[in-house]
2 protein chains.
Amino acid sequence: MSIKPTDSELEILNILWTKGPSTVRDIHDVLEKSKEAGYTTTLKLMQIMLDKGLLKRDASNKSHVYTANISQEKTQGQLVQRMIDNVFNGSASQLVMQALGNYKPSTDELNEIKKYLDEMEGTDAKKKAPKSK
Amino acid sequence: MSIKPTDSELEILNILWTKGPSTVRDIHDVLEKSKEAGYTTTLKLMQIMLDKGLLKRDASNKSHVYTANISQEKTQGQLVQRMIDNVFNGSASQLVMQALGNYKPSTDELNEIKKYLDEMEGTDAKKKAPKSK
DNA sequence: GTTTGTGTACGAAATAATTCGTAGAATGAA
DNA sequence: TTCATTCTACGAATTATTTCGTACACAAAC
């Protein structure tokens, strides 16, 4: 059971994750700022995403209100997983180092990551990272 | 100037990066082990990849020999970059932590990453990681 | 020679993603 | 009510990806 949103779908999901429940108009207004997009194109996309189960909606008003139906964290996890498998031959640390070498995070970010690593080391092969529900 | 191989194309690239120059037959034999695939399907894919500039080939023999025309490291870098932008709203450290939380690398891998981080910290805004040519 | 095997080229079907036009329902002015 | 606006639904064109059949070239084996 694995989802695979397209790039366009991801754009919409990102907006929904950030802004919360939104109408097609809301989403479209955001998209328009960064790209050409027809209103009905956005509408159709979101209808298809509804079909696929990526979104859910409240249709009790004239303007339907859409919400993401998959969590940001879970989606990120699955996409990262896929990238590790398909692009890094299964090596998470390879991905991590590529991300770091490529990106050069700030010292603050570095420290955050190191802290995270230290915590992991302590717990060794115990369980997964803590997650706030 | 940014490439975007599809999943199928990435499978082929991975094989080429691992095994070096190969014929369609070579690639197809590897693919067949993990999935259904017709020979001419693989052939066509590789021809299209040639068109796109993802591969190059030596056609001097009856069996043409293909090679990846884009480097593994550069491709990984671009894909990671894209994921950071599209999925993690620009935060590399978010990606890193998702990768780690999700995957639970071995202690060895953890140490490798930490070492890498330490090196980065020392050199602060210098340049990219050393690469053996 | 002819047959068999292995290869490339290429057209085209099948599927998926994206885009948009048009129709018609609902709402709110004028 | 009539007009303009705003919305959904939906059909359909466009483009990209994946798949495969068929044709034909070439070489080795018979």
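Residue numbering restarts at 1 for every chain, and letters A, B, ... go by the order of the sequence lines. Worth saying up front: this structure is predicted, and the values here are computed from it rather than measured. Basis for what follows: all heavy atoms, side chains included, without hydrogens, waters or symmetry-related copies.
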Extract from the structure each pairing of a protein N or O with an N or O of nucleotides 5-7 of chain C at less than 3.5 Å, listing the distance.
{"from": "C:dT6", "atom 1": "O2", "to": "B:Lys62", "atom 2": "NZ", "distance (Å)": "2.8"}
{"from": "C:dG7", "atom 1": "OP2", "to": "B:Arg25", "atom 2": "NE", "distance (Å)": "2.7"}
{"from": "C:dG7", "atom 1": "OP2", "to": "B:Arg25", "atom 2": "NH2", "distance (Å)": "2.5"}
{"from": "C:dG7", "atom 1": "O4'", "to": "B:Lys62", "atom 2": "NZ", "distance (Å)": "3.4"}

Strictly under 3.5 Å: I want the nitrogen or oxygen pairs between protein and nucleotides 14-18 of chain D, one per line.
{"from": "D:dT17", "atom 1": "OP2", "to": "B:Lys52", "atom 2": "NZ", "distance (Å)": "3.4"}
{"from": "D:dT18", "atom 1": "OP1", "to": "B:Ser8", "atom 2": "OG", "distance (Å)": "2.9"}
{"from": "D:dT18", "atom 1": "OP2", "to": "B:Thr6", "atom 2": "OG1", "distance (Å)": "2.9"}

For nucleotides 2-4 of chain C, list the nitrogen or oxygen atoms of the protein found under 3.5 Å from its nitrogen or oxygen atoms, one pair per line.
none

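Taking A:Asp51 as the reference, nothing meets the salt bridge (Lys or Arg N to Asp or Glu O under 4.0 Å) condition, with sequence neighbours excluded. For A:Lys52, the side-chain hydrogen bond (donor to acceptor under 3.5 Å, both in side chains) partners are A:Glu9, not counting sequence neighbours. With sequence neighbours left out, B:Thr23 forms a side-chain hydrogen bond (donor to acceptor under 3.5 Å, both in side chains) with B:Asp26. In this view, B:Lys4 and A:Asp7 satisfy the salt bridge (Lys or Arg N to Asp or Glu O under 4.0 Å) rule, not counting sequence neighbours. Partners of B:Ser60 according to the side-chain hydrogen bond (donor to acceptor under 3.5 Å, both in side chains) rule, which considers only residues two or more places apart in sequence or in another chain, are B:Asp58. Remark: A:Arg25 pairs with no residue by the side-chain hydrogen bond (donor to acceptor under 3.5 Å, both in side chains) rule, at least two apart or across chains.
At least one donor-acceptor pair under 3.5 Å links the side chain of A:Ser71 to the backbone N or O of A:Lys74. In terms of modelled atom types and a separation under 3.5 Å, the side chain of A:Ser34 and the main chain of A:Glu32 share no donor-acceptor contact.
Between B:Met49 atom CE and C:dA9 atom P the separation is 16 Å, expressed in whole Å. Residue B:Glu36 contributes atom CD, which lies 19 Å from atom P of C:dA14 at whole-angstrom precision. Spacing between atom CD of A:Glu11 and atom P of C:dT18 amounts to 9 Å, rounded to whole angstrom units. Per the geometry, CG belonging to A:Asp58 stands 16 Å off P belonging to D:dC7, to the nearest Å. When the C1' atom of C:dA17 is taken as reference, atom CD1 of A:Ile12 falls 12 Å away, rounded to whole Å. Between the P atom of C:dT18 and the CE atom of A:Met46 lies a distance of 15 Å, rounded to the nearest Å. Atom CG in A:Asn61 sits about 11 Å away from atom P in C:dG28, given to the nearest Å.
One finds a side-chain N or O of B:Gln47 lying less than 4.0 angstrom from the OP1 or OP2 phosphate oxygen of C:dA9.
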For residues 11-19 of chain A, which side-chain N or O atoms pair as donor and acceptor with protein atoms under 3.5 Å away, sequence neighbours left out?
{"from": "A:Glu11", "atom 1": "OE1", "to": "A:Lys35", "atom 2": "NZ", "distance (Å)": "3.1"}
{"from": "A:Asn14", "atom 1": "ND2", "to": "A:Leu10", "atom 2": "O", "distance (Å)": "3.2"}
{"from": "A:Asn14", "atom 1": "ND2", "to": "B:Asn86", "atom 2": "O", "distance (Å)": "2.6"}
{"from": "A:Trp17", "atom 1": "NE1", "to": "A:Ile70", "atom 2": "O", "distance (Å)": "3.1"}
{"from": "A:Thr18", "atom 1": "OG1", "to": "A:Asn14", "atom 2": "O", "distance (Å)": "2.8"}

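Among residues at least two apart or in separate chains, ring-ring contact (aromatic ring centres under 6.0 Å, His included) pairs with a member in residues 27-63 of chain A are A:His28-A:Tyr39. Residue pairs meeting the ring-ring contact (aromatic ring centres under 6.0 Å, His included) criterion with at least one partner in residues 41-89 of chain A, sequence neighbours excluded, do not occur; the list is empty.
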